[in-house]
Structures are given as structure tokens and as C-alpha cells.
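Chain letters run A, B, ... following the sequence lines, proteins first and then strands; every chain starts at 1. A quick note: this is a predicted structure, and the numbers were derived from the prediction, not measured.
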There are 2 protein chains.
Amino acid sequence: MRWESVGETTCSVARALSVVGERWTMLILREAFLGRRRFDEFQARTGVARNILSARLRALVRNGIFERIENAPPGDHVQYWLTAKGLDLYPILVAMLRWGDKWMACEGGPPVELVHRECGYKTRPTLVCSHCGSKIDARTTTPVIRAIPAQRRGGASKARTRLNPPRRSE
Amino acid sequence: MRWESVGETTCSVARALSVVGERWTMLILREAFLGRRRFDEFQARTGVARNILSARLRALVRNGIFERIENAPPGDHVQYWLTAKGLDLYPILVAMLRWGDKWMACEGGPPVELVHRECGYKTRPTLVCSHCGSKIDARTTTPVIRAIPAQRRGGASKARTRLNPPRRSE
DNA sequence: TTTTATAGTTGCATTTCGAAACCGTGGGCG
DNA sequence: CGCCCACGGTTTCGAAATGCAACTATAAAA
């Protein structure tokens, strides 16, 4: 299977990855969420090669993540603005930030912290249940398959695996 | 800049991406969170080529995401178990799932839903502020840079960009 | 003994990436 | 006018990653 066809799956994760799953794309988006909007800014901040950046930006515009604005003041430069669809990628970025902070920490603590402007305090955004409001993790959540996602091979006989969420001993 | 060196950045997002940012990796993890543990299961479910899968699994084990267990019952097969570090990637996957559900929806609604076992209800996990508990998004949060992340070029004079979070008119 | 299942590895054609050079437009300026 | 620079790319080309199929190794089953 080629990577380009993961977006044609019925899986929402795969579809999301078809938009943001390429190398550099999330780093470009990181810069966008930090307020950068120009080609050369993205290039200098992320270190991505210019041709790759060009291709990624084009794809992101095509996928409705960025809006490309020419002749934008000040200076009439080209600018890339996050759309509502793009802004909505924020939780993915934050989830990566939090995991990186926890498991790949630099010496001296996380280089970026978030402030929640509504309450004014530093925040470490957390995933909670939309129903009961308590914290969510892999152990306390069960996936329920609704549509059968196109079995690749027919072999669903005795080797059928259970769809239980993972539970380790530790 | 080569992709392999993004993990040496001080940015937590980049460091996270150095572990889960390769093609196929998140799809392999999706299957892991669905309870798959075996090589051929991952292969059949994701459609990734076997050599690529082999390389990804090796890297994930090296990075402490999977634990590789040989001679595991039943059947003495090799199994890949998520470690605590791996299980903690769940919010990233869920964030992608939620975004895909919202913006790349299939006809007929999302193919997978989540049930929160603690409360017993279907849940759509949401990111909230760890301090005040209200919903978080890109508009209501401000990043604060703590350590200066190694400027690539010196040009931080008048062209210095503001570090404001993006705000669109729409 | 032969077949099957599992977990890979190998070889090779194709695709993508990465670095640097180049290009086109527009402005500032002497 | 003629020159230089900033910006936003594109082009070129060698290097690396990917994708597919075939092959291997090991152990169990038939």
C-alpha cells in the first residue's frame, strides 16, 4: 500500500494523517501557531528545505489548513493564515507538546509553556471525558467499531483478535 | 536540515515527532491501541510494507514505545506491547481521531467511537485547562517561550515577528 | 516428511528528500 | 536609468527512503 492512499481509508486517524502526517508538516504548523505567516520564517524556524516547504504549504492550502494571502500588509508579502480547520489542529500539537515535555524532556524544563488567557494561569491541557469530565487515558477508554473497515484479507476465522484496549501489568 | 536531527531540538513537539513522526508509525500505534500485538496483524491492518513495518517496530522498541516479547502465550508468538511511555501517546491519537471525525468525516458518521469505562458513556475527549477546567483552543491560549531555542540565523533585528497566537477574523 | 504459520530479511525499481543554485518580481536608491 | 537586495519560490541532481515481491529461518502441525 502506498502512503498516498491512507487518506482513502474510513479511519479518521488515517485521514488526519493524510493531511498532517508528512514530515515537517507539524513543525510548520507549530510555527503557524506561534504566529509565523511567511515562507522565509517557516523555512528559517523549522530548517526544512525550501522545495519541501513549498510542497507542504501547497498541500496544506489545498487541504484547507492554510489560506494563502498575497499582497498582505505590511510589506505586501505572501502570508499563510490558519483557517478554522487549521486552528482546530491545535489539540494534536498540544498533545505532542505534552508528551514531549513528559517523556523527552530537556534539561531545565520545557522550553515552551502555555498560558490560558481566559483564566490567566499557566496550563497543562488535559484530555477529559466529554460526559463525566474526568481524565481520559488508554486504560479507561474502549474503542467501539461502528462500520466494518474493509478487511484486507478474509482470514477472520479463529485467529480473530479481540478488540480490547491494552492493559499492561505495570 | 535532515529529518533525523529534529529530535535534537529543544522543542518538545519536534522531539515527539522524532519518535512518532515517521510515516506509518501512528497507524501502527492505532492498531496497538486497538489491541493488536503481532507483526502480521500490524501488517495486514495498516497495509504497510513488511520491511518498513520491521524498521518502524525496531525504532519504536528502541525508543521505549513498545516492548518486544518473544515466546509469548498463546502460541509462543512475538508480541509488541505498549509501554507506559507508549500508552501515554493516546492523547495524540485521540486528538487526530477527533479532528478527522470533524473535518474529514466519512458518510455515515465516524467509524470508531470511544466509550469511557469509568462512566460508561460514549465520550468525545476534549482538551481542557488544567487550572480552570474550561475548554482550550488555539485562540484562548498563549505560548510562552522559556529557553531561547537556538536561533538559526542572527536576523532578529527589526523583522522580528511577534509571538502572538493567531486570530482570524472569521 | 511435508505443509503451514509467524516474523522477519533481501533485492531492486520507484519515489521522495535535501542542499544548493537559480529565477522572477518588486522596491529602494544613487 | 541601472544596480542591488528581499521575498517567494522553482530547478537540478545525488542520496536516502519507500514499496513490492520473493526469499529465509524456525517451530509446530498434519
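C/dA5 atom P lies 15 Å from atom CD of B/Q43, rounded to whole Å. Between the P atom of D/dC20 and the CH2 atom of A/W3 lies a distance of 14 Å, rounded to the nearest Å. The CZ atom of B/F39 sits 14 Å away from the C1' atom of D/dA25 (whole-angstrom rounding). Protein atom CG of A/D40 is 6 Å distant from nucleotide atom P of D/dC7, rounded to whole Å. Put simply, CD1 on B/I28 is 14 Å from C1' on C/dA7, counting in whole angstrom units. In this structure, NE2 of A/H77 is placed 13 Å from C1' of C/dT25, rounded to the nearest angstrom. In this structure, CZ of A/R45 is placed 19 Å from C1' of D/dG8, rounded to the nearest angstrom. The nearest whole Å value for the distance from the CD atom in B/Q79 to the P atom in C/dG8 is 12 Å.
Within 4.0 Å of A/E22, counting heavy atoms only, lie sugar-phosphate atoms of the nucleic acid but no base atom.
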Please tabulate, for the side chains in residues 98-105 of chain B, all donor-acceptor contacts under 3.5 angstrom to protein atoms that are two or more places apart in sequence or on a different chain.
| residue | atom | partner | partner atom | Å |
| --- | --- | --- | --- | --- |
| B/R98 | NE | B/P125 | O | 2.9 |
| B/W99 | NE1 | A/K85 | O | 3.1 |
| B/D101 | OD1 | A/S12 | OG | 2.4 |
| B/K102 | NZ | A/D88 | OD2 | 2.8 |
| B/W103 | NE1 | A/D88 | OD2 | 2.7 |

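Using a 4.0 Å cut-off, some side-chain N or O of A/R2 falls inside it from OP1 or OP2 of D/dC20. For A/Y80 and D/dC7, the shortest distance from a side-chain N or O to OP1 or OP2 is not below 4.0 Å. One finds a side-chain N or O of A/W24 lying less than 4.0 angstrom from the OP1 or OP2 phosphate oxygen of C/dG18. Put simply, B/R23 has no side-chain N or O that comes within less than 4.0 Å of OP1 or OP2 on C/dT15.
The side chain to side chain contact (heavy atoms under 4.5 Å, CB included) test with A/V128 is passed by exactly one of B/L127, B/V128, B/T123: B/V128.
Each of A/E4 and A/V78 was matched to the nucleotide of DNA chain D holding its nearest heavy atom; the match closer to the 5' end belongs to A/V78.
Using a 4.0 Å cut-off between charged nitrogen and carboxylate oxygen, A/R23 and B/E22 count as a salt-bridge pair.
Within the structure, ring-ring contact (aromatic ring centres under 6.0 Å, His included) pairs that include any residue of residues 109-128 of chain B comprise A/H131-B/Y121 (at least two apart or interchain).
Listed by residue number, A/R50, A/N51, A/S54, A/R58 are the residues of residues 48-60 of chain A with a heavy-atom contact under 4.0 Å to DNA chain D.
A/R2 pairs by the side chain to side chain donor-acceptor pair (under 3.5 Å) definition with A/E4, not counting sequence neighbours. A search for side chain to side chain donor-acceptor pair (under 3.5 Å) contacts involving B/R58 returns nothing, not counting sequence neighbours. For B/K135, there are no side chain to side chain donor-acceptor pair (under 3.5 Å) partners two or more places apart in sequence or in a different chain.
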